[in-house]
Colleague: 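There's a structure below that I have some questions on.
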Amino acid sequence: MIDLKALREDPERFRVGAARKKVTVDIDRILVLDEARRKAVGAQETLRAEQNKLSKESGPEIGKLMGQLKKAPEGERGAIEAKLAELKARPKALADQVTALGKEIEALEPELNGLLLQVPLPADPDVPVGEGSEDNVELSRWDPAWWDSSKSFEENKGFAPKTHIELAESLGLVNFERGVKLAGSRSYVLTGMGMRLHQAVLRYAYDFILEKHGFQAISVPVLVREEAMQGTGFFPTGREQTYQLEESKRGGGQDMFLTGTGEVGLMGLHADEILDEAQLPLQYATVSTCFRREAGAAGRDTAGLYRIHQFDKVEQVVICRADEGESRAWHKKMIGIVEELLRSLELPYRLLQCCTGDLGVKNADMVDIECWMPGRGELDANERPMGAYGETHSASRLYDFQCRRLNMRYKGESTGGKTVFCHSLNNTVLASPRVLIPILEMYQEADGRVRVPKVLQRHLGGIEHVG
RNA sequence: GGACGGGUGGCCGAGCGGCUGAAGGCACCGGUUUGCUAAACCGGCAUACAGGGUAAACCUGUAUCGCGGGUUCGAAUCCCGCCCCGUCCGCCA
């Protein structure tokens with residue numbers, strides 16, 4: 001949620017911000033509705049002030065007259081009743097006007113609020129302007145000692161690579177057919193060492209963020225109420241991306257939603273709370289199952305473990321003071337944690353500065369990390385993929401956009417006793433099974449086996465090879 | 001699924017038609033006292049929106065006692081609907 005006051009004062013900033021993010025939202029309509037609403041509210045408040053004053057004056061008198069009426073002899077009742085009616089008439093008339101204005105306001109608000117929820121947070125000025133992912137800017141690359149990203153897989157390792165799908169099949173790591181039988185397209189079943197690798201890499205990443213970086217371990221519900229989805233900024237825009245359980249249709253209280261990321265639970269934890277500045281920054285990490293409908297992605301990445309409806313993810317979230325410098329410093333730090341993790345796994349990766357067109361509504365800045373996946377990308381003359389970077393991580397800075405919606409504030413020395421909305425950030429630590437793609441493909445050997453990354457071996461009982 | 005009980009400020013908790021934005025306590029902030037700490041005492045202490053004021057201090061108004069509606073001149077208080085939380089029993093893990 002953006003600040004309506006800020007929009008009122010500088011609508012152009014939000015017009016440009018939305019345009020650069022390729023989001024269509026009628027800012028002028030918001031201004032018109034806001035103006036009309038404020039006018040009506042102002043008029044209503046004036047009337048109410050008058051009404052309150054009147055009822056304070058005439059109220060006790062009415063009470064007194066009512067008492068007299070009970071005891072009064074027949075003859076005097078008419079006079080008292082007339083006086084009562086007169087006393088009651090004026091405030092009543094005002095109340096009717098207030099009600100009328102209330103109806104007017106009610107008519108305006110749904111549209112205004114609906115529009116307001118759609119206004120994206122403008123990207124920071126240093127975020128490159130662009131249309132979409134093709135305009136993202138590469139910031140840096142990293143390769144392990146045994147890999148040279150300027151050369152092909154075959155030049156690096158001396159044999160042609162198999163894709164993770166082929167490896168999964170030959171080594172019995174995934175059963176796609178049965179996944180589809182059970183749950184439809186984009187479903188899979190990890191089997192044997194596939195499941196063990198999945199568990200091992202998640203556990204490794206989770207221990208990594210907790211033990212090496214002091215994040216707090218926490219579990220989250222993955223089935224949440226609508227407020228949590230709206231509060232974290234996934235609704236209304238991402239509504240069609242989420243699975244909805246229509247409990248209300250079965251006579252239950254509310255519909256529930258399956259979360260697409262642990263971020264929803266972690267950020268929702270402190271919704272409607274006022275935190276003590278001394279508690280900040282909050283550094284939370286969770287591992288949770290994520291569900292995504294992948295609506296609108298029909299036909300893209302249909303095979304393999306890349307784009308699937310259900311996966312598991314270690315997610316990190318930071319809630320800090322409302323300070324741009326602090327927010328930027330945390331962003332760097334969170335990205336650094338992932339770099340350290342990927343280096344320990346010896347996976348080649350690159351950092352991408354996302355351009356305005358590739359940002360979501362809620363972030364001011366986003367850096368993606370992509371791992372090299374030899375089985376992805378364009379096909380060569382032999383119809384074999386030439387490899388490509390594929391997104392495995394995404395680090396966002398949201399300023400107070402999310403906390404405003406969640407009504408998550410803090411108070412302390414630096415705020416001068418005022419309550420201020422917190423800033424929030426989030427980043428993937430590791431998502432699996434997607435990360436198994438670069439692991440399987442990069443660690444495959446000429447004999448068809450897959451070496452187990454060193455750091456994962458202790459999570460797999462010391463096993464050095466799969467297959 | 002059945003039977004109850006309950007949702008009030010940062011927290012606990014009273015109030016059950018006007019004098020209540022709301023007693024009292026805790027926490028917090030300022031002060032007095034004090035060798036230090038503690039205690040004691042005094043004072044302060046909700047949020048949002050709108051208007052005024054220098055985008056500060058502050059002032060004014062309105063709203064807010066789970067949410068929505070109703071009764072009433074007037075509702076935290078009465079009525080109706082909904083949501084949520086809790087307890088006990090049953091069922092399942």
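A note on names: the letters A, B, ... follow the listed sequences, proteins ahead of strands, and every chain is numbered from 1.
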Colleague: How close or far is atom C1' of U72(B) from atom CG of D96(A), stated in whole angstroms?
Modeller: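 The answer, rounded to whole Å, is 13 Å.
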Colleague: I274(A) has an atom CD1; how far is it from atom P of C11(B), in whole Å?
Modeller: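 Rounded to whole Å, this separation is 8 Å.
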Colleague: On RNA chain B, nearest-nucleotide positions of T419(A) versus Q51(A): which is more 5'?
Modeller: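 Whichever sits nearer the 5' end wins; that is T419(A).
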Colleague: What interatomic distance, in whole Å, is found between C1' of U77(B) and the corresponding atom of A23(B)?
Modeller: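 Between the two C1' atoms, the distance is 15 Å.
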Colleague: Taking the side chain from T356(A) and the backbone from R20(A), do they hold a donor-acceptor pair closer than 3.5 Å?
Modeller: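 Such a contact is found between T356(A) side chain and R20(A) backbone.
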Colleague: Around atom CZ of R8(A), are there more than 12 heavy atoms from other residues, nucleotides or ligands closer than 6.0 Å?
Modeller: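 For R8(A), atom CZ is crowded (more than 12 foreign heavy atoms under 6.0 Å).
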Colleague: At what distance, to the nearest 0.5 angstrom, does CD of Q283(A) lie from CD1 of I337(A)?
Modeller: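 Interatomic distance, Q283(A) CD to I337(A) CD1, rounded to 0.5 Å: 7.5 Å.
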Colleague: If I take atom CD in residue E277(A) and atom P in nucleotide G10(B), what distance separates them, rounded to the nearest angstrom?
Modeller: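 So the two atoms are 18 Å apart, to the nearest Å.
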Colleague: Please measure how far the P atom in C11(B) lies from the corresponding atom in C89(B), and state the result in whole Å.
Modeller: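 After rounding to an integer number of Å, I get 31 Å for this pair.
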Colleague: So what does the secondary structure string of RNA chain B come out as, 5' to 3', with Watson-Crick or wobble pairs under 3.5 angstrom, [ ] for crossing and | for pairs with another strand?
Modeller: ((((((((.[[[..)..(.....]]].(((((.......))))).(((((((.....))))))).[[[[[..)....]]]]])))))))....
Colleague: Hey, is E109(A) close enough to R37(A) for a salt bridge, meaning N to O under 4.0 Å?
Modeller: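 Here E109(A) pairs with R37(A) in a salt bridge, since their nearest N and O are under 4.0 Å apart.
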Colleague: Between G68(B) atom P and K103(A) atom NZ, what is the distance in whole Å?
Modeller: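 It works out to 16 Å between those atoms.
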Colleague: Looking only at atom C1', what distance separates G9(B) and C65(B), rounded to whole Å?
Modeller: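 Rounded to whole Å, the distance is 9 Å.
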Colleague: I need the CE-C1' distance between M408(A) and A48(B), as an integer number of Å.
Modeller: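 Rounding to the nearest Å, CE of M408(A) and C1' of A48(B) are 19 Å apart.
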Colleague: Do any pairs count as a side-chain hydrogen bond (donor to acceptor under 3.5 Å, both in side chains) and have a residue in residues 266-275 of chain A, sequence neighbours left out, and if so which ones?
Modeller: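 Passing the test, one end in residues 266-275 of chain A: H270(A)-E273(A), H270(A)-Y284(A), D272(A)-N407(A).
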Colleague: Salt bridge check, D207(A) against K212(A): does any charged N sit closer than 4.0 Å to a carboxylate O?
Modeller: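 Here K212(A) does not pair with D207(A) in a salt bridge, since their nearest N and O are not under 4.0 Å apart.
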Colleague: Say we look at U87(B) and G31(B): how far apart would their C1' atoms be, to the nearest angstrom?
Modeller: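 My reading of the C1' atoms in U87(B) and G31(B) gives 47 Å.
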Colleague: Without decimals, in angstroms, what is the distance between R409(A) CZ and U47(B) C1'?
Modeller: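 Value for this atom pair: 7 Å.
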Colleague: Scan nucleotides 60-64 of chain B against the protein and return all N/O pairs shorter than 3.5 Å with their distances rounded to 0.1 Å.
Modeller:
from	atom 1	to	atom 2	distance (Å)
G61(B)	N2	E45(A)	OE1	3.1
G61(B)	N2	E45(A)	OE2	3.4
U62(B)	OP1	N52(A)	ND2	3.2

Colleague: List in chain and number order the residues that pass ring pair (Phe, Tyr, Trp, His ring centres under 6.0 Å) with H331(A), two or more places apart in sequence or in another chain; answer none if no residue qualifies.
Modeller: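 Partners of H331(A) under the ring pair (Phe, Tyr, Trp, His ring centres under 6.0 Å) test: none.
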Colleague: In residues 217-226 of chain A, which ones come under 4.0 Å of RNA chain B, going by heavy atoms?
Modeller: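 Per residue number, the list reads R225(A).
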Colleague: Please determine whether a side-chain nitrogen of the Lys or Arg among R293(A) and E240(A) lies less than 4.0 Å from a carboxylate oxygen of the Asp or Glu.
Modeller: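 Here R293(A) does not pair with E240(A) in a salt bridge, since their nearest N and O are not under 4.0 Å apart.
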Colleague: Could you go through the salt bridge (Lys or Arg N to Asp or Glu O under 4.0 Å) check for K313(A) and E315(A) one step at a time?
Modeller: CA-CA 6 Å; K313(A) 180 153 68 81; E315(A) 178 79 3; 2.7 Å; yes
Colleague: Between A50(B), A48(B), G69(B), which nucleotide has the shortest distance from any of its atoms to the side chain of R8(A)?
Modeller: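 Nucleotide nearest to R8(A)'s side chain: A50(B).
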Colleague: Output all residues satisfying ring pair (Phe, Tyr, Trp, His ring centres under 6.0 Å) with H393(A), sequence neighbours left out; order by chain, then residue number.
Modeller: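 For H393(A) there are no ring pair (Phe, Tyr, Trp, His ring centres under 6.0 Å) partners, ignoring immediate neighbours.
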Colleague: Just N and O in the side chain of R38(A): are any of them under 4.0 Å from OP1 or OP2 of G51(B)?
Modeller: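 Yes.
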Colleague: P atom, C12(B) versus G7(B): distance in rounded Å?
Modeller: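 These two P atoms come out 12 Å apart once rounded.
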Colleague: Which atom pair, heavy atoms only, marks the closest approach of E324(A) to H423(A)?
Modeller: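 That would be N-CE1, 4.4 Å.
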Colleague: Calculate, to the nearest 0.5 Å, the distance between atoms CG and CD1 belonging to L282(A) and I319(A) respectively.
Modeller: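 Answer rounded to 0.5 Å: 5.0 Å.
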Colleague: Could you tell me how far C92(B) sits from C83(B) if I compare only their C1' atoms? Round to whole Å.
Modeller: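 That atom pair is separated by 26 Å.
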Colleague: Write down the distance separating the C1' atoms in A50(B) and C29(B), rounded off to the nearest Å.
Modeller: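 Taking atom C1' in both A50(B) and C29(B), they lie 29 Å apart.
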Colleague: Does a side-chain N-to-carboxylate-O contact under 4.0 Å join E12(A) and R15(A)?
Modeller: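 Salt bridge: yes.
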Colleague: Round to the nearest Å and state the distance from L275(A) atom CG to A27(B) atom P.
Modeller: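 Checked: the CG to P distance equals 21 Å.
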Colleague: In whole angstroms, how far is the C1' atom of C49(B) from the CG atom of L4(A)?
Modeller: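 So the CG-C1' distance, L4(A) to C49(B), works out to 10 Å.
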Colleague: With C1' as the reference atom in both, quote the distance from G17(B) to A57(B) in angstrom, rounded to an integer.
Modeller: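 After rounding to an integer number of Å, I get 39 Å for this pair.
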